[in-house]
A.B. asks: 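One structure coming up, written as structure tokens, with questions to follow.
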Amino acid sequence: MSENKIAVTLPDGKRLEFAGPVGGGEIAAAIGRGLAKAAVAVRVDGQVRDLATVIDHNASIAIVTRDSPEGLEILRHDAAHVMAEAVKELYPDTQVTFGPATETGFYYDFARSEPFTPEDLEKIEARMREIVKRDEKITREIWDRNAAISYFRSIEETYKAEYIGEIPDGAGISLYRQGDFIDLCVGPHLPSTGHLGQAFKLMNVAGAYWRGDPKNAQLQRISGTAWADQSELDRYLFQLEEAERRDHRRIGRELDLFHIGEEAVGSVFWHPKGWKLFRIIENYLRMRLDKAGYLEVKGPQLLDRSLWEASGHWEKFRENMFIAESRDDKVLALKPMNCPGHVLIFRNRLHSYRELPLRLAEFGSCHRNEPSGALHGIMRVRAFTQDDAHIFCTEDQVTAESIAFCNLLLSVYRDFGFDDVAIKFADRPPVRAGSDEVWDRAEAALRDAVQAAGLSYALNPGEGAFYGPKLEFVLRDALGRDWQCGTLQLDFVLPERLDASYVGEDGARHRPAMLHRAIFGSLERFIGVLIEHYAGRFPLWLAPVQIVVASISAEAADYAAEVARECAEVGLRVELDSGNEKITYKVREHSLAKVPVMLVVGRREAANRSVALRRLGGKDQEDLALGEAVARLKREAAVPSSS
RNA sequence: GCCCCGGUAGCUCAGCGGUAGAGCAACCGCUUCGUAAGCGGUAGGUCGUUGGUUCAAAUCCGACUCGGGGCACCA
């Protein structure tokens with residue numbers, strides 16, 4: 001009898017003994033009633049399992065609750081199953097395929113000849129809520145593989161049958177049953193559909209390929225969001241609204257920064273204020289690059305086909321290049337990248353090892369013929385400006401140059417208010433140029449460098465550039481969203497292909513290593529990120545219009561003009577509003593235009609030669625002498641890292 | 001590129017078989033006013049383009065185009 005005893009160890013080290021094999025639910029109940037209620041699964045020796053799992057050996061146990069990360073994932077996965085059940089009830093001719101949890105919810109891909117309409121989504125969501133109320137028990141069953149295949153074939157679920165056919169033979173096939181709905185699934189799942197709760201919402205329908213391959217059938221993906229409770233759901237929905245309010249396309253229009261039109265699909269028409277912002281950012285970075293020992297160059301837009309053939313782009317990326325023809329029948333391409341041009345500049349004369357590292361920088365206009373579906377505002381365009389540079393150096397210098405670059409990049413990001421930066425290391429992709437030996441060296445060198453810089457990184461396997469491994473720098477914005485902007489790529493291939501060399505200490509010619517690097521990636525995209533990060537409320541040094549001087553009545557108009565002149569004289573970007581609107585109207589108008597500072601002047605200020613300084617969104621103003629206000633604003637508007 | 005949804009005045013949107021409307025913005029007056037919308041008036045649209053159905057199309061159908069949400073892509 002005593003050998004049947006089961007002892008479980010809880011996360012806090014406490015041990016519980018049971019007379020025999022025991023279910024996860026019973027363990028939770030033994031610990032406490034509250035826990036039993038919140039329990040959705042059990043972790044047995046590190047593996048998350050159904051709550052009903054019977055533990056028949058001594059094990060370390062943790063009860064997974066619905067609000068834990070694992071619990072939430074199970075809940076979302078269940079939401080997908082409940083949705084599939086609802087869809088099968090409402091539209092029995094639909095086939096289910098695959099339906100996982102996502103970061104904020106879940107989706108399920110369905111095969112159905114009729115498209116799902118928004119009204120269908122409402123019906124499906126309503127049916128899901130019913131299924132939750134039915135509180136159907138969810139149970140796990142292990143089937144024989146062939147039995148499972150013929151079962152799914154018999155109910156005309158050909159995708160499921162196909163998928164099971166590819167699961168390796170052996171352990172049996174795990175199925176989950178809830179009500180009349182049976183789905184192939186490894187689990188784990190909630191004890192019953194009632195545990196899902198009602199904090200979910202269907203969001204949209206979209207196309208998705210079976211197994212992500214465009215050659216396969218296109219399925220209909222219904223996605224939703226699901227949370228542990230209603231307040232979490234509400235918070236998420238509010239976040240979505242906030243993201244919409246900050247959408248750079250909306251703010252770009254509201255602040256008159258740029259527009260995008262069908263006359264130039266995928267390109268940006270920069271308006272005066274947007275272009276001012278662009279130039280502020282470009283000049284800031286130019287200043288940083290000058291200080292960091294870069295040399296700015298400018299290469300041609302159109303380059304001959306032969307160069308792209310030599311670089312390898314013609315073979316690998318021609319689909320994405322805009323091709324042009326000259327009148328003497330030469331074929332040229334608009335550059336999609338700056339590197340071949342920089343190599344041509346480098347090898348235009350012989351270089352000594354004493355000149356290395358040589359850092360050639362360019363604000364390079366690049367054109368890439370992106371698929372139409374990929375375009376998105378100014379974030380993903382066909383014509384963009386890279387803050388590109390190529391560092392030609394010896395292999396020995398790679399580490400030091402990489403460290404210097406990482407530090408420069410982090411410092412630049414900080415100046416823009418981004419303190420949270422993640423790094424990914426992308427190693428060799430399946431399709432690549434260069435031998436495995438070269439890749440071994442390149443990957444090792446880059447990894448050494450990032451480690452030497454004292455930075456931690458996550459591996460991003462197979463995502464390197466075709467010519468070399470890369471570091472990707474991902475910044476997190478005010479809404480917690482990630483944006484990949486910066487990159488550092490090590491390349492031993494292109495110098496070889498385009499025959500770049502330098503004369504070494506030994507008098508012989510050597511191949512330089514080449515570091516491709518960008519901090520913003522694309523100026524257009526980075527500006528889009530900035531707009532959303534700041535919700536259009538730029539810090540003073542970035543704001544296209546820093547100050548509006550607004551007069552209260554016509555009497556103060558002359559003085560207002562003088563104030564504006566004083567501001568402009570010290571280099572502040574200022575506009576004058578001495579129109580005959582009421583001050584409340586002016587305050588509202590310039591607040592909506594997100595101008596950081598208003599200097600309000602009326603009869604009183606004109607008499608005292610002072611200004612009332614009002615900050616964007618502020619309630620009260622500060623009365624200052626004109627000279628003091630100007631001096632203070634000038635100080636505040638200083639470009640960071642400029643002194 | 002693929003699937004679904006959409007395109008009405010500069011912007012936000014109503015109209016959804018009987019021939020185009022509102023608010024804001026613009027323009028013109030009046031108002032000179034102390035911190036997020038003073039008042040009045042005027043002008044503005046071949047309803048994305050194009051073909052079809054109909055006595056009649058912004059409205060129904062097709063194609064194209066642009067945009068949106070995804071998928072795929074992202075050197």
Side-chain angles (χ1 to χ4, degrees), chain A residues 107 109 114-118 120-121 203-223 244 247 249-250 253-254 256 259-263 265-266 308 311-313 315-321 335-340 366 368-377 379-382 384 386 429 431-433 463-468 470 484 487 489 491 494 516 521-522 525 550-557 578-593 598-605 612-621:
Chain A
Y107 66 80
D109 289 345
E114 290 274 297
F116 288 110
T117 64
D120 291 338
L121 288 206
M203 304 301 283
N204 57 35
V205 207
Y209 303 108
W210 170 234
R211 301 183 151 187
D213 188 338
K215 289 197 281 288
N216 290 339
Q218 183 137 26
L219 309 168
Q220 298 185 65
R221 170 169 303 179
I222 304 181
S223 335
E244 205 179 312
D247 190 309
R249 293 163 298 188
R250 168 202 285 259
R253 186 177 55 239
E254 288 171 353
D256 196 19
H259 83 268
I260 291 186
E262 44 189 289
E263 302 83 356
V265 172
W308 302 113
S311 70
H313 290 88
E315 185 199 346
K316 296 224 157 57
F317 301 109
R318 193 164 137 203
E319 288 278 290
N320 292 299
M321 290 164 71
K335 64 174 176 181
M337 302 176 78
N338 308 297
C339 24
C366 294
R368 296 181 187 175
N369 198 350
E370 304 282 3
S372 59
L375 303 177
H376 178 81
M379 301 277 208
R380 188 81 185 270
V381 285
R382 287 183 175 148
F384 58 97
Q386 269 188 332
V431 182
R432 58 181 180 263
E463 293 295 318
F466 82 101
Y467 48 73
K470 61 183 179 186
Q484 203 234 294
T487 179
Q489 311 177 5
D491 181 3
L494 205 59
H516 306 240
S522 138
R525 181 177 148 84
S551 59
I552 289 177
S553 70
E555 284 174 88
S578 49
N580 72 346
E581 296 293 347
K582 286 174 67 171
I583 192 62
T584 52
Y585 183 90
K586 293 182 184 180
V587 165
R588 177 180 153 81
E589 192 176 28
H590 301 118
S591 296
L592 290 175
M598 282 185 74
L599 297 180
V600 178
V601 297
R603 194 183 308 164
R604 209 161 58 218
E605 286 77 11
L613 189 154
R614 184 191 205 280
R615 309 255 174 196
L616 175 58
K619 275 278 158 265
D620 31 49
Q621 80 271 8

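Predicted, not measured: the structure shown is a model, and the values here were computed from it. In what follows, every chain begins at residue 1, and chains take the letters A, B, ... in the order their sequences are listed.
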A.B. asks: What's the CZ-C1' distance between A/Arg588 and B/rA25, to the nearest Å?
C.D. replies: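 Answer to the nearest Å: 12 Å.
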A.B. asks: Please work out if A/Tyr585 contacts a base, only the sugar-phosphate, or nothing of the nucleic acid, heavy-atom cut-off 4.0 Å.
C.D. replies: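 The residue A/Tyr585 makes sugar-phosphate contact but no base contact.
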A.B. asks: For B/rG69 versus B/rU12, give the span between their P atoms, rounded off to a whole number of Å.
C.D. replies: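 The same atom, P, in both gives a distance of 15 Å.
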A.B. asks: Under 4.0 angstrom, heavy atoms only, what part of the nucleic acid is A/Ile552 near: base, sugar-phosphate, or nothing?
C.D. replies: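 Base, at least one base atom sits under 4.0 Å.
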A.B. asks: Heavy atoms under 4.0 Å, any strand shown: does A/Glu605 hit a base, just sugar-phosphate, or nothing?
C.D. replies: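 Result for A/Glu605 = base.
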A.B. asks: Taking atom CD of A/Glu254 as the centre, report whether more than 12 heavy atoms of other residues, nucleotides or ligands fall under 6.0 Å from it.
C.D. replies: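 Enclosed.
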A.B. asks: Extract from the structure each pairing of a protein N or O with an N or O of nucleotides 3-9 of chain B at less than 3.5 Å, listing the distance.
C.D. replies:
residue : atom : partner  : partner atom : Å
B/rC3   : O4'  : A/Gln218 : OE1          : 3.0
B/rC3   : O4'  : A/Gln218 : NE2          : 3.4
B/rC3   : O2   : A/Gly207 : N            : 3.1

A.B. asks: Distance check, C1' atoms only: B/rC16 and B/rC24, in whole angstrom units.
C.D. replies: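 Here B/rC16 and B/rC24 have their C1' atoms 25 Å from each other.
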A.B. asks: Looking for any heavy atom pair under 4.0 Å, which part of the strands does A/Gly212 touch: base, sugar-phosphate only, or nothing?
C.D. replies: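 Sugar-phosphate contact only.
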A.B. asks: Contact class for A/Pro214 vs. all strands (heavy atom < 4.0 Å): base, sugar-phosphate, or nothing?
C.D. replies: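 Sugar-phosphate: the residue A/Pro214, judged by heavy atoms under 4.0 Å, touches backbone atoms but no base.
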A.B. asks: Which residues pass the salt bridge (Lys or Arg N to Asp or Glu O under 4.0 Å) test with A/Asp247, sequence neighbours left out?
C.D. replies: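 A/Asp247 satisfies salt bridge (Lys or Arg N to Asp or Glu O under 4.0 Å) with A/Arg249 only.
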A.B. asks: Base, sugar-phosphate, or nothing for A/His590, non-hydrogen atoms under 4.0 angstrom?
C.D. replies: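 No contact.
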A.B. asks: A/Arg614 has an atom CZ; how far is it from atom C1' of B/rU35, in whole Å?
C.D. replies: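 Between C1' of B/rU35 and CZ of A/Arg614: 5 Å.
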A.B. asks: Would you classify A/Ala465 as touching base, sugar-phosphate or nothing, given that sugar-phosphate means primed atoms plus P, OP1 and OP2, and contacts are heavy atoms under 4.0 Å?
C.D. replies: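 Sugar-phosphate contact only.
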A.B. asks: Rounded to the Å, how far apart are A/Gln489 CD and B/rC74 C1'?
C.D. replies: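 Result: 12 Å.
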A.B. asks: In whole angstroms, how far is the P atom of B/rC33 from the CD atom of A/Glu589?
C.D. replies: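 Computing the A/Glu589:CD to B/rC33:P distance gives 20 Å.
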A.B. asks: When the C1' atoms of B/rC66 and B/rG18 are considered, how many whole Å apart are they?
C.D. replies: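 Each nucleotide's C1' atom is 31 Å from the other's.
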A.B. asks: Taking atom types as they are modelled, is there a donor-acceptor pair under 3.5 Å from the base of B/rC73 to the side chain of A/Arg380?
C.D. replies: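 Between B/rC73 and A/Arg380, which were checked side chain against base, a qualifying N/O pair under 3.5 Å is present.
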A.B. asks: For side-chain contact (heavy atoms from CB on, under 4.5 Å), just list the numbers for A/Asn369 and A/Glu319, CA-CA rounded to whole Å, side-chain angles, deciding distance to a tenth of an Å, and then say yes or no.
C.D. replies: CA-CA 7 Å; A/Asn369 198 350; A/Glu319 288 278 290; over 6 Å; no
A.B. asks: Taking atom P in both B/rU49 and B/rA9, what distance in whole Å separates the two?
C.D. replies: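 Nearest-Å result for B/rU49 against B/rA9 at atom P: 10 Å.
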A.B. asks: For atom P, what is the distance between B/rC5 and B/rG10, given to the nearest Å?
C.D. replies: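 After rounding to an integer number of Å, I get 28 Å for this pair.
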A.B. asks: Using a heavy-atom cut-off of 4.0 Å across all strands, would you classify A/Ala612 as base, sugar-phosphate, or nothing?
C.D. replies: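 Counting heavy atoms under 4.0 Å across all strands, the contact made by A/Ala612 includes a base.
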A.B. asks: For A/Asp213, which contact category applies under a 4.0 Å heavy-atom criterion: base, sugar-phosphate, or nothing?
C.D. replies: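 If one applies the 4.0 Å heavy-atom cut-off, A/Asp213 turns out to touch nothing in the nucleic acid.
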A.B. asks: Taking only side-chain nitrogens and oxygens of A/Arg318, does any of them come within less than 4.0 Å of OP1 or OP2 of B/rA75?
C.D. replies: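 For B/rA75, OP1/OP2 do not have a side-chain N/O of A/Arg318 under 4.0 Å.
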A.B. asks: Is A/Tyr467 touching bases, backbone alone, or none of the nucleic acid, heavy atoms closer than 4.0 Å?
C.D. replies: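 Sugar-phosphate, backbone atoms only, no base.
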A.B. asks: Using the C1' atom on both, measure B/rG45 against B/rA26 and round to a whole Å.
C.D. replies: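 So the two C1' atoms sit 15 Å from each other.
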A.B. asks: Please state whether the base of B/rG1 and the side chain of A/Tyr209 form at least one donor-acceptor pair under 3.5 Å?
C.D. replies: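 Present.
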A.B. asks: Given B/rA75, B/rG34, B/rG1, identify the nucleotide with an atom nearest to the side chain of A/Ser372.
C.D. replies: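 The answer is B/rG1, which lies nearest to the side chain.
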A.B. asks: Any side-chain N or O of A/Thr584 under 4.0 Å from OP1/OP2 of B/rG38?
C.D. replies: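 Result: yes.
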A.B. asks: Give one of base, sugar-phosphate or nothing for A/Lys470, where a contact means two heavy atoms less than 4.0 Å apart.
C.D. replies: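 If one applies the 4.0 Å heavy-atom cut-off, A/Lys470 turns out to touch the sugar-phosphate alone, with no base involved.
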A.B. asks: Paired with B/rU54: which nucleotide, if any, by Watson-Crick or G-U wobble criteria at under 3.5 Å for both distances?
C.D. replies: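 By the stated definition (distances under 3.5 Å), nothing pairs with B/rU54.
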A.B. asks: So what does A/Arg253 touch, heavy atoms closer than 4.0 Å: a base, only the sugar-phosphate, or nothing?
C.D. replies: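 Sugar-phosphate, no base atom in range.
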A.B. asks: With a 4.0 Å cut-off on heavy atoms, is A/Lys316 in touch with a base, just the backbone sugar-phosphate, or nothing at all?
C.D. replies: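 No contact.
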